[in-house]
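Read the structure below first, then the notes.
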Amino acid sequence: MKTDELYKSYDVHHWLKYNPHEGHYAKYDPNTVAVGFKIHETYGLFCNARTLLACSESKDFGDISGPDDLSKRYLASTFLQSALATYNYCIDLSWQVAWFYCAPSDAYYLIDEEKEYIDYCKKCTFDILGLKLRLGKKTELANHLNAFYSNDLTKKIRSEYNYLKHRGSHHTPGLGEQRSHMIASIDGEQLKLLQRNVFDIDEWFDKLFEFDQSFTKYFEKLIGFTVPHNFPETPLDLFAPIEYYMKKKNYLGKPLRV
């Protein structure tokens, strides 16, 4: 299958190493720990998107499909539209990587309380993030985000996802009929019918295949901007929880209980 090339040439499984453990909590500031966790979350979602893309290539869907071409076309279209949505979720999560990078370095509440972490994620928008980066003079990172978000392929992926979100479905050629006009004209006037966007399976497989590669390169560079290069090699030892506890209490100005 063509998607085998993605797994071989654009491997992303090393992103899993950014999932923070006790050693990271002890060594790094809370915002850096949150960045590592958000990278880990993005990794899981991106793997889902790539899996959906790979599933769309299948020639035999087994028990979930009949042997006829109509059933196979329906499933291929469904997997691709699901991949389209999931790749878009990855774009949103990538902004949150930069968002936590801009968070206060002593924001322990972000990694202590799940609700605080979630609420902080919800505040992230591309426009507010851009403002934060400019005010923080993180120009190179801001330019990197803008370059990816404004390129033609990303805009096409984003636009079609927004269409799907608000309209619910596309028309896939070979799955039912879609006409632009009524079967007869009256007084020479062609009467129009509402239509859905056409979702060509081959065309959208190629677009998403290309986007997968584009996102991988973009996200790798984003990681380089937001976490120390040796973050994945941080060792875990039995004293890490104690070190984290002492560091946290010192930051918060509270008496230590040891």
Inset, instruction - Establish, yes or no, whether the cationic atom of Arg50 lies under 6.0 Å from the six-membered ring centre of Tyr7 and within 45° of the ring axis. - result: yes

Legend entry - Arg158 side chain vs Ser150 backbone, donor-acceptor pair below 3.5 Å: no

Legend entry - Distance in Å, Leu80 CG paired with Tyr87 OH, rounded so as to fall on 0.5 Å steps: 9.5 Å

Inset, instruction - Kindly indicate whether the side chain of Phe209, heavy atoms from C-beta on, has any atom under 4.5 Å from the side chain of Asp212. - result: no

Legend entry - Residue Ile186 excluded, over 12 heavy atoms near CD1 under 6.0 Å: no

Legend entry - Leu238 atom CG: more than 12 heavy-atom contacts under 6.0 Å: no

Legend entry - Trp95 and Ile128, any side-chain heavy atoms less than 4.5 Å apart: no

Legend entry - Under the ring pair (Phe, Tyr, Trp, His ring centres under 6.0 Å) test, residues paired with Phe199 that sit two or more places apart: His170, Trp204

Inset, instruction - Could you check Lys27 against Asn230 for side-chain contact (heavy atoms from CB on, under 4.5 Å), going step by step and ending with a plain yes or no? - result: CA-CA 12 Å; Lys27 181 175 181 179; Asn230 59 344; 3.9 Å; yes

Legend entry - Closest contact, heavy atoms only, Leu129 versus Cys102: CD1-SG, 4.5 Å

Legend entry - Heavy-atom donor-acceptor pair, Ser77 side chain to Tyr74 backbone, under 3.5 Å: no

Inset, instruction - Output every pair passing salt bridge (Lys or Arg N to Asp or Glu O under 4.0 Å) with a member in residues 1-24, not counting sequence neighbours, ordered by first then second residue. - result: Lys2-Asp206

Legend entry - Derivation of the side-chain contact (heavy atoms from CB on, under 4.5 Å) call for Leu208 and Leu52: CA-CA 10 Å; Leu208 293 175; Leu52 289 165; over 6 Å; no

Inset, instruction - Go through the structure and list residues passing side chain to side chain contact (heavy atoms under 4.5 Å, CB included) with Leu194, not counting sequence neighbours. - result: none

Inset, instruction - Could you tell me whether Glu140 atom CD has more than 12 heavy atoms of other residues or ligands within 6.0 Å of it? - result: no

Legend entry - Asn19 side chain reached by Tyr43 side chain, heavy atoms, under 4.5 Å: no

Inset, instruction - Kindly indicate whether the side chain of Leu153, heavy atoms from C-beta on, has any atom under 4.5 Å from the side chain of Glu210. - result: yes

Legend entry - Summary of salt bridge (Lys or Arg N to Asp or Glu O under 4.0 Å) pairs that have at least one residue in residues 100-127, sequence neighbours excluded: Asp112-Lys248, Lys115-Asp119

Inset, instruction - Go through the steps for Ser169 and Arg196 under the test side chain to side chain donor-acceptor pair (under 3.5 Å), then give the verdict. - result: CA-CA 7 Å; Ser169 66; Arg196 296 173 294 165; 3.0 Å; yes

Legend entry - Side-chain heavy atoms of Pro228 within contact of Tyr28, under 4.5 Å: yes

Inset, instruction - Write down the atom of Thr154, the atom of Asn151, and the distance for their closest heavy-atom approach. - result: N-OD1, 2.8 Å

Inset, instruction - Using a strict 4.0 Å threshold on nitrogen-to-oxygen distance, state whether Glu243 and Lys247 make a salt bridge. - result: no

Legend entry - Flag if over 12 foreign heavy atoms under 6.0 Å of CD1, Ile183: no

Inset, instruction - Mark yes or no for whether Ser94, through its side chain, and Ile91, through its backbone, hold a donor-acceptor pair below 3.5 Å. - result: yes

Inset, instruction - Flag yes if Leu16 and Val97 sit in one hydrophobic cluster, no otherwise; membership is Ile, Leu, Val, Met, Phe, Trp, Tyr, and two members link when side-chain heavy atoms are under 4.5 Å apart. - result: yes

Inset, instruction - Quick one: closest heavy-atom pair of Ile111 and Tyr244, and the distance? - result: CD1-OH, 3.7 Å

Inset, instruction - For Thr172 and Gln81, run side-chain contact (heavy atoms from CB on, under 4.5 Å): C-alpha distance rounded to whole Å, both residues' side-chain angles, the deciding distance at 0.1 Å, then the answer. - result: CA-CA 10 Å; Thr172 301; Gln81 291 182 62; 4.1 Å; yes

Inset, instruction - For the residue pair Phe46 and Trp15, categorise the inter-ring angle as parallel (less than 30°), tilted (30 to 60°) or perpendicular (more than 60°). - result: tilted

Legend entry - ring-ring contact (aromatic ring centres under 6.0 Å, His included) partner of Phe37, the single match among Tyr117, Tyr18, Phe231: Tyr117

Inset, instruction - Verify, without hydrogens or angle tests, whether Asp187 (side chain) and Glu189 (backbone) share a donor-acceptor contact under 3.5 angstrom. - result: no

Legend entry - Heavy-atom side-chain contact between Thr139 and Arg134 under 4.5 Å: no

Inset, instruction - Indicate yes or no: at least one non-hydrogen side-chain atom of Tyr161 is less than 4.5 angstrom from one of Ile157. - result: no

Inset, instruction - With sequence neighbours excluded, tell me which residues meet ring pair (Phe, Tyr, Trp, His ring centres under 6.0 Å) with Tyr218. - result: His144, Phe148, Phe215

Inset, instruction - Without swapping roles, check the side chain of Glu160 against the backbone of Leu84 for a donor-acceptor pair under 3.5 Å. - result: no

Legend entry - Under 3.5 Å donor-acceptor, Ser71 side chain and Pro67 backbone: no

Inset, instruction - Please answer whether the main-chain N or O of Asn197 pairs with a side-chain N or O of Tyr163 as donor and acceptor at a distance below 3.5 Å. - result: yes

Inset, instruction - For Arg179 and Gln195, work out which heavy atoms get closest and say how close. - result: O-CG, 3.7 Å

Legend entry - Salt bridge present between Glu41 and Lys38 (N-O < 4.0 angstrom): yes

Inset, instruction - Can you see which heavy atom on Leu145 is nearest to which on Ala98, and at what distance? - result: CD1-CB, 4.0 Å

Inset, instruction - Test Leu110 against Asn31 for side-chain contact (heavy atoms from CB on, under 4.5 Å), laying out the working first. - result: CA-CA 8 Å; Leu110 294 178; Asn31 63 323; 5.6 Å; no

Inset, instruction - Tell me, please, which residues at least two apart from His21 pass ring pair (Phe, Tyr, Trp, His ring centres under 6.0 Å). - result: His24

Inset, instruction - Please report the closest heavy-atom contact between Pro20 and Val33, naming both atoms and the distance. - result: CG-O, 3.6 Å

Inset, instruction - Mind telling me whether Tyr120 and Trp99 have parallel, tilted or perpendicular rings, with 30° and 60° as the class edges? - result: tilted

